[in-house]
Asker: 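I'd like to ask some things about the structure below.
Nothing fancy with the numbering, it's 1 onward along the sequence.
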Amino acid sequence: GPPTAMLRSALLLAVVATATAFTATPMALRPAQLKASSFCSAPSALAAKAPKSKAAISMDLSSITDNDGSALDLVKGFAFFGATFVPSFFLAGYFLGGYYPLMAVGAPQEPDWWPTSMQYAHGVPKGTLAANVAKVEAKEAEIKAAKDKAAAAKKAAKAAKKAAEAAAKQAQ
């Protein structure tokens, strides 16, 4: 039907656009020339100047971002796109109060500045929760040990009472 034809033409346009975006054409390599007009009659003074040299510009990413006609142009394009996306994912995680990305590669817990208030159903970051659980379990173990000790003391008192009663009976 018509939607399929539209999709097909959109796909074709996308493929052509991708193919042309990553190829160096003579048009892209030639600097723009300003034409003389009645308003601006001296084009030579205002002609677009070429950059001095790649080596002179220390802070440029043109070797990554620009296409020079090599076979790696497409790969370079995707790599640069990916390199700009990684911080975006990190920031999205930050602003949504989501999962701390470095925990996926071995960070033991989220740092204090990571906004986790809305992340978990109980409202406590996993690292803090683990620490709190450990504290509670230690306290519970302590209480259990105290109870066991009390029960053992009670048993010993009962046994001592029995022994005393038995000794009293024998003495009679």
Asker: For Glu165, does the CD atom have more than 12 heavy-atom neighbours from other residues, nucleotides or ligands under 6.0 Å away?
Answerer: yes
Asker: Working to the nearest 0.5 Å, report the span between NZ of Lys147 and CD of Glu140.
Answerer: 10.0 Å
Asker: Which pairs would a plain distance check flag for residues 5-14, meaning a side-chain donor or acceptor within less than 3.5 Å of a matching protein atom at least two apart in sequence or in another chain?
Answerer:
residue	atom	partner	partner atom	Å
Ser9	OG	Ala5	O	3.2
Ser9	OG	Met6	O	2.8

Asker: Rounded to the nearest 0.5 Å, what separates atom CG in Asp148 from atom NZ in Lys155?
Answerer: 10.5 Å
